[in-house]
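Everything on this sheet refers to the single structure shown next.
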Amino acid sequence: MKEQIVKLLMQIPVPGESESIVKFVELVDVHEDDITIKLKVPQKYDKFERAIISSVQDAIKRGIPAAKHVDVLVNIVKANDMAGEGGISKVKKVIAVASGKGGVGKSTVSANLAIALAKQGYKVGLLDADIFGPSIPKMFGVEDAQPYSRKEGEKEWILPVEQYGIKLLSIGFFVRPEDALAWRGPMAGNVLKQFVQDSDWGELDVMVIDMPPGTSDIQLTLCQIINITGAIMVGTPQDVAVIDVVKAIDFFQKEKIEVPILGLVENMAWFTPEELPDNKYYIFGKGGVEELAKLRGLPFLGAVPIVMGLREGGDAGKPAAMNENSIIGKQFAEIAKKVME
Ligand code: ADP
């Protein structure tokens with residue numbers, strides 16, 4: 001009977017494609033007159049879930065009239081759960097670095113965290129998903145790089161650019177930053193899908209995603225196409241900025257998104273002038289993000305002071321954490337450890 005079922009399934013096309021649905025079959029189970037069919041369907045077909053179920057049920061009932069009960073179970077899987085699909089299927093952990101608004105140091109934290117993780121021996125990728133302000137190419141000194149592609153039959157894979165041992169992809173490699181600003185949601189979403197599904201990231205221990213700031217559709221798209229292991233929130237200590245962090249936390253904790261929050265990072269926590277190394281000036285207030293972490297029962301991953309070298313490193317294309325002995329290097333090493341724990 002199983003053979004007959006598979007033959008019937010072979011005649012059902014995937015919605016919008018010529019190939020048959022049989023490629024999604026995970027299990028066919030026959031128990032007396034009851035038939036159970038389990039399908040593992042990639043996320044991009046989720047809107048066809050009902051159509052798939054009813055076409056399978058119809059086909060089986062028509063082809064095998066003796067079947068009393070036909071159970072069709074559809075398991076929608078995100079891109080990185082589809083074994084052998086390339087893209088990010090061989091990426092073990094995905095960490096999103098997010099913030100409620102721009103300019104708080106999200107990209108700086110992403111870049112330095114990626115460096116710190118690589119220094120600890122992990123194979124790291126960094127996806128710059130900040131479509132509207134892609135700053136990772138500059139921070140890694142590869143603004144002029146152009147990703148290569150590799151053909152595999154009909155499929156063309158985008159190959160990430162490699163710098164300091166880290167695999168990088170950013171919209172900044174394809175358009176000028178001022179043009180990226182004019183992009184609208186669906187277009188940006190499509191590019192991100194390509195970066196996830198059509199790029200050859202290879203085997204990675206961790207992928208860090210520099211998320212776009214805020215909580216709009218584009219974040220939602222990302223959470224739908226990638227199985228994010230956890231998110232880190234970056235904020236500055238002043239009250240208004242902390243409110244933005246709260247919004248970002250709430251977004252990730254929303255029903256259907258449910259990305260675990262790994263912890264909070266307070267950036268620009270204080271300033272210490274070089275000539276007065278013992279003085280700490282709390283320019284943006286003190287400890288707002290740390291307090292928020294306590295209040296919400298979330299881990300506090302660390303505070304990053306305002307350090308000229310951090311901005312200079314970003315501007316010069318060499319993230320400050322590359323110097324492991326610097327204050328910033330040590331701080332990010334700590335943050336990286338806590339994140340992996
Ligand atoms: P976002 O990604 O949140 O928009 P960025 O990481 O691009 O923010 O940071 C904005 C600017 O602030 C950059 O010029 C960056 O170099 C600088 N910056 C961020 N954090 C610090 C810090 N702790 N000390 C000094 N400069 C910083």
Side-chain angles (χ1 to χ4, degrees), residues 95-116 126-143 166 168-172 177-178 180-181 188 208-216 218-219 222 231-238 240-245 247-249 251 264-274 277 279-290 300-323 326-336:
I95 295 166
V97 180
S99 69
K101 62 167 188 172
V104 299
K106 177 181 49 57
S107 303
T108 304
V109 169
S110 306
N112 285 285
L113 174 66
I115 294 281
L126 175 51
L127 169 62
D128 182 5
D130 193 347
I131 286 274
F132 306 107
S135 46
I136 293 299
K138 186 173 170 62
M139 288 186 176
F140 278 77
V142 285
E143 295 118 295
I166 294 170
L168 308 167
L169 267 185
S170 166
I171 186 68
E178 55 272 31
L181 261 178
V208 177
I209 306 185
D210 183 3
M211 296 286 282
T215 55
S216 62
I218 195 85
Q219 283 83 358
L222 270 164
I232 297 173
M233 302 290 146
V234 182
T236 54
Q238 75 260 49
V240 278
V242 170
I243 293 166
D244 287 315
V245 180
K247 280 188 205 155
I249 294 173
F251 170 84
L264 276 55
V265 173
E266 182 163 285
N267 188 29
M268 309 194 194
W270 66 82
F271 172 67
T272 300
E274 261 168 68
N279 291 27
K280 283 183 177 177
Y281 296 97
Y282 295 92
I283 297 174
F284 296 123
K286 196 174 173 189
V289 177
E290 188 168 4
F300 182 65
L301 299 172
V304 181
I306 300 174
V307 179
M308 226 162 63
L310 200 51
R311 186 196 52 75
E312 285 170 346
D315 286 349
K318 271 189 125 190
M322 287 181 65
N323 179 358
S326 65
I327 297 175
I328 291 300
K330 286 181 186 154
Q331 189 62 344
F332 276 98
E334 272 304 304
I335 293 174

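Values below: all heavy atoms of this structure, side chains included; hydrogens, waters and symmetry mates excluded. Just so we're clear, the structure is a prediction, and the values are computed from it rather than from any experiment. For ligands, and for the atoms within them, numbers begin at 1 and follow the listed sequence.
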- Item | Any N or O of Asn267 closer than 3.5 Å to N or O of ligand 1 | yes
- Do any N/O atoms on Ser107 end up under 3.5 angstrom from N/O atoms on ligand 1? yes
- Provide the closest heavy-atom pair for Ala269 versus Glu266 in the form atom of the first, atom of the second, distance. CB-OE2, 3.7 Å
- Task: Indicate the atoms forming the closest heavy-atom contact of Asp128 with Ile136, along with that distance.
- Result: OD2-N, 3.3 Å
- Look at atom 15 (C) of ligand 1 and say whether a protein heavy atom is found at less than 4.0 angstrom from it. yes
- Task: Heavy atoms only: give me the nearest Ile306-Phe284 pair and the separation to one decimal.
- Result: CD1-CE1, 3.9 Å
- Name of the residue among Ile209, Val208, Leu113 meeting side-chain contact (heavy atoms from CB on, under 4.5 Å) with Ile232: Leu113
- The atoms of ligand 1 lying under 4.0 Å from a heavy atom of Lys106, numbered in the order shown, are 1 (P), 2 (O), 3 (O), 6 (O), 8 (O)
- May I ask you to check whether Gly102 has an N/O atom sitting below 3.5 Å from an N/O atom of ligand 1? no
- Under the 4.0 Å line, does any protein heavy atom show up next to atom 19 (C) of ligand 1? yes
- Query: Nearest to atom 8 (O) of ligand 1, what protein heavy atom do you find, and at what distance?
  - Reply: Gly105 N, 3.0 Å
- Item | Taking atom 10 (C) of ligand 1 as the reference point, the nearest protein heavy atom with its distance | Gly103 O, 4.2 Å
- Just wondering, are more than 12 heavy atoms of other shown residues or ligands nearer than 6.0 Å to NZ in Lys101? yes
- Does Asp130, backbone or side chain, put an N or O under 3.5 Å from an N or O of ligand 1? no
- Polar contact flag for Val304 and ligand 1 (N/O pairs, less than 3.5 Å): no
- Between Thr108 and ligand 1, which part of the residue brings a heavy atom under 4.0 Å of the ligand: side chain, backbone, both or neither? both
- Query: Under a 4.5 Å cut-off applied to non-hydrogen side-chain atoms, are Ile327 and Val307 in contact?
  - Reply: no
- Item | Check: Asn267 side chain, Lys106 main-chain N or O, donor-acceptor pair, under 3.5 Å | no
- Taking distance alone, with no angle check, do Leu310 and ligand 1 share an N/O pair under 3.5 Å? no
- Closest approach of Ser107 and Ser135, non-hydrogen atoms and distance? OG-OG, 3.1 Å
- Task: Provide, to 0.1 Å, the distance between atom 26 (N) of ligand 1 and the closest protein heavy atom, together with that atom's residue and name.
- Result: Arg311 CB, 3.6 Å
- Item | Protein contact of atom 24 (N) of ligand 1 - nearest heavy atom, named by residue and atom, plus distance | Val307 N, 3.1 Å
- Could you pull out the closest heavy-atom pair between Val245 and Gly235, with the gap in Å? CG2-CA, 3.7 Å
- Item | Atom pair CG/CE of Leu301 and Met233 - distance to nearest 0.5 Å | 10.5 Å
- Message: Under 3.5 Å between any N/O of Pro305 and any N/O of ligand 1: does that happen in this structure?
- Response: yes
- Among non-hydrogen protein atoms, atom 27 (C) of ligand 1 lies closest to Met268 CE, 4.3 Å
- Return the minimal non-hydrogen interatomic distance between Ser99 and Ala248, and the atom names on each side. C-CB, 4.2 Å
- Message: Taking distance alone, with N or O pairs closer than 3.5 Å, would you say Met308 contacts ligand 1?
- Response: no
